[in-house]
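Just below is one structure, and these are the notes that go with it.
In each ligand, atom 1 is the first atom listed, and ligand 1 is the first ligand listed.
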Amino acid sequence: MRILVQKFGGTSLSTDEARELVIKHIERERQRQYGLVVVVSAMGRKGDPYATDTLLALIARHGDSLPAKERDMLQGCGEIISASVLCSLVRAAGIPAIALTGGGAGIITDSQFGKARILEIRTERIHQALREGRVVIVTGFQGVTESGDYTTLGRGGSDTSATALGAALHAERVDIYTDVNGILTADPRIVKDARALSVISYSEVANMARQGAKVIHPRAVEIAQQARIPLRVRSTFSEDEGTLVTDTADVLRTAAVRDRHVTGVAHVSGVTQITVQAQDGPSDVQLQVFQAMAKHHISVDFINVNPGGAVYTVFDQDADKAVSVLRDIGYAPQAVNGCVKISVIGGGMNGVPGIMARIVEALTEKGIPILQSADSNTTIWVLVRETYMASALQALHAKFSLHE
Ligand code: ADP
Ligand code: ASP
Ligand code: MG
């Protein structure tokens, strides 16, 4: 049987009208003779009645009193509501369907509550239901430990449920339905002329996702890449086929993108740049600094070390702690709060001269100072102050003609 996994995100399930469109996408693929596994997120976003953030708000005022295991029981509820409501709608449309929890669908995880890893998927029950001609609706974001406790896979984890199920079931494809027309060249909330890409490689999209493009969970992309299952990211609200995510080799076969150097821009805001200088005389400043950060569980990024010291970033919420830890070991760090790390990403930039020059040009033309930069063969990162975030993203988007 040809199996297709369809995953519907929160906004795709948040209103009666949206849910009617979801039914249309299910009916269309069923007519194409696919065995369908439909993965759902909790309905809506922050503030909507059964959204994950709304459930978490119920305990927000109690501090950290709820242990991680019980917190997972709460935050996984939204998906159960979605799956049951959608099951009712699908059946009302005359299509046989069942709804399963993550555990019911055989998704076994470790017990890292809140960020559990999938260990195994026992697919017999899904296969049985598909053989009986049913649409199988599965709660995203959820798994179960061997001892029967509910777990969740990390925020945005319904994408991971979908691709993990796709891999375990040897699906022909996984379709991620959301509220935009695919993977766009930039965050559309900031860059208004961001454009949907027709095709992108797993590594480019994983890179964009890790660097802040919240359209898909990076772990979901990694799983699809390992299993070599194509993904489509598309909108519930249109018939447009969206963006195909596949191997680099397949991407390069597409004439339109063969000469594409830069694919998109992404950003992570709310970071602080920390500069530490070595004190007088020879010292092991780098060792001391990064050991101190590790000891206090402060996650560091964008690291540049030099003989005289180190420059790196931490999240704004960790900045005060990082500074006081460094002072305690005798340094006088400088901290610049409220920065944004911008990534210019493209699988085709490797070995192409002039990309950095154009980045510097774009930012200089707008009078935006670059606080730090780094590069790999597929990404160039720059750090700028958050006040310049929109103008920097727009300038880079325009410089590389990403709207075209
Ligand atoms: P869902 O609830 O469907 O999982 P998400 O909110 O997780 O939806 O992801 C979709 C959102 O990601 C879009 O509404 C868009 O604002 C945002 N986004 C950020 N960067 C990008 C990008 N490069 N391409 C597409 N969407 C992006
Ligand atoms: N509902 C979960 C979240 O908001 C999972 C998801 O939507 O992917 O993080
Ligand atoms: Mg999402």
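- Between Lys7 and the choices Ser12, Ser161, Ser41, the side-chain contact (heavy atoms from CB on, under 4.5 Å) rule is met once, by Ser41.
- Using cut-offs of 30° and 60° for the angle between ring planes, the His25 and Tyr177 rings count as tilted.
- Classification of Asp187 and Lys192 as a salt-bridged pair fails, no side-chain N sitting under 4.0 Å from a carboxylate O.
- Protein heavy atom closest to atom 2 (O) of ligand 1, with residue, atom name and distance, is Gly10 N, 3.1 Å.
- For Gly212, the heavy-atom gap to ligand 1 stays at 4.0 angstrom or more.
- Annotation: atom 7 (O) of ligand 1 to nearest protein heavy atom, Lys214 O, 3.4 Å.
- Of the candidates Asp159, Val221, Ile183, Ile183 is the only one forming a side-chain contact (heavy atoms from CB on, under 4.5 Å) with Val233.
- When Thr236, Leu184, Val205, Ile176 are checked for heavy-atom proximity to atom 24 (N) of ligand 1, Leu184 turns out nearest.
- For ligand 1, the polar-atom distance check finds no N/O of Ser41 at less than 3.5 Å from any of the ligand's N/O atoms.
- Close approach of ligand 1 to Met208 is summarised as follows: ligand atoms under 4.0 Å from at least one heavy atom of the residue are 23 (N).
- Aromatic rings of Phe290 and Tyr312 (six-membered ring for Trp) have centroids within the 6.0 Å cut-off, being under it.
- Within the structure, ligand 2 has Gly156 among the residues with a heavy atom less than 4.0 angstrom away.
- Ligand 1 places these atoms under 4.0 Å from at least one heavy atom of Lys7: 4 (O).
- Proximity annotation for atom 25 (C) of ligand 1: of Ala213, Ala42, Gly264, Gly182, Gly182 comes nearest, heavy atoms only.
- Closest to atom 20 (N) of ligand 1, if we only count protein heavy atoms, is Asp187 CA, 3.5 Å.
- At least one N or O atom of Asp179 sits closer than 3.5 Å to an N or O atom of ligand 1.
- Ion pair Glu239/Arg28 flagged as a salt bridge, since at least one NZ, NE, NH1 or NH2 atom sits closer than 4.0 Å to an Asp/Glu carboxylate oxygen.
- For ligand 1, the atoms closer than 4.0 angstrom to any heavy atom of Arg189 are 16 (O), 17 (C), 19 (C).
- Salt bridge status for Arg232 with Asp240: absent, with no side-chain N to carboxylate O gap under 4.0 Å.
- Under a 4.0 angstrom heavy-atom cut-off, Gly140 registers as lying outside contact with ligand 2.
- Between His261 and Phe400, the distance separating the two ring centers is not shorter than 6.0 angstrom.
- Residue-level proximity to ligand 1 for Val180 is carried by the side chain, the only part with a heavy atom below 4.0 angstrom.
- The protein heavy-atom contact nearest to atom 5 (P) of ligand 1 is Arg45 NH2, 3.5 Å.
- Atoms of ligand 1 found under 4.0 Å from any heavy atom of Ala186 (numbered from 1 in listed order, with element): 22 (C), 23 (N).
- Among all protein heavy atoms, the one lying closest to atom 7 (O) of ligand 2 is Ser41 OG, 3.1 Å.
- In terms of protein heavy-atom proximity, atom 4 (O) of ligand 2 is nearest to Arg155 NH2, 2.9 Å.
- Residues passing the side chain to side chain donor-acceptor pair (under 3.5 Å) test with Thr109, sequence neighbours excluded: Thr151.
- Salt-bridge annotation for Glu222 and Arg210: present, with a side-chain N of the basic residue lying under 4.0 Å from a carboxylate O of the acidic one.
- Between Arg125 and Glu132, none of the side-chain N atoms (NZ, or NE/NH1/NH2) sits under 4.0 Å from a carboxylate O, so this pair counts as no salt bridge.
- Scanning the protein for heavy atoms near atom 6 (C) of ligand 2, the closest one is Ser158 OG, 3.3 Å.
- In terms of protein heavy-atom proximity, atom 12 (O) of ligand 1 is closest to Val215 CA, 3.6 Å.
- Classification of Arg131 and Glu124 as a salt-bridged pair fails, no side-chain N sitting under 4.0 Å from a carboxylate O.
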Start with the C-alpha distance between Gln288 and Tyr331, add both sets of side-chain angles, then the distance that settles side-chain hydrogen bond (donor to acceptor under 3.5 Å, both in side chains), and finish with yes or no.
-> CA-CA 10 Å; Gln288 288 184 13; Tyr331 291 103; 2.8 Å; yes
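- Distances between N or O atoms of Glu79 and those of ligand 2 include at least one value under 3.5 Å.
- Of all atoms in ligand 1, numbered sequentially from 1 with element shown, those under 4.0 Å from a heavy atom of Thr178 are 1 (P), 3 (O), 8 (O), 9 (O), 10 (C).
- When only interatomic distances are considered, the shortest N/O to N/O separation between Gly154 and ligand 2 does not fall below 3.5 Å.
- Under the 4.0 angstrom criterion for non-hydrogen atoms, Pro188 is in contact with ligand 1.
- For Arg19 (side chain) and Leu86 (main-chain N/O), no donor-acceptor pair under 3.5 Å exists by modelled atom type.
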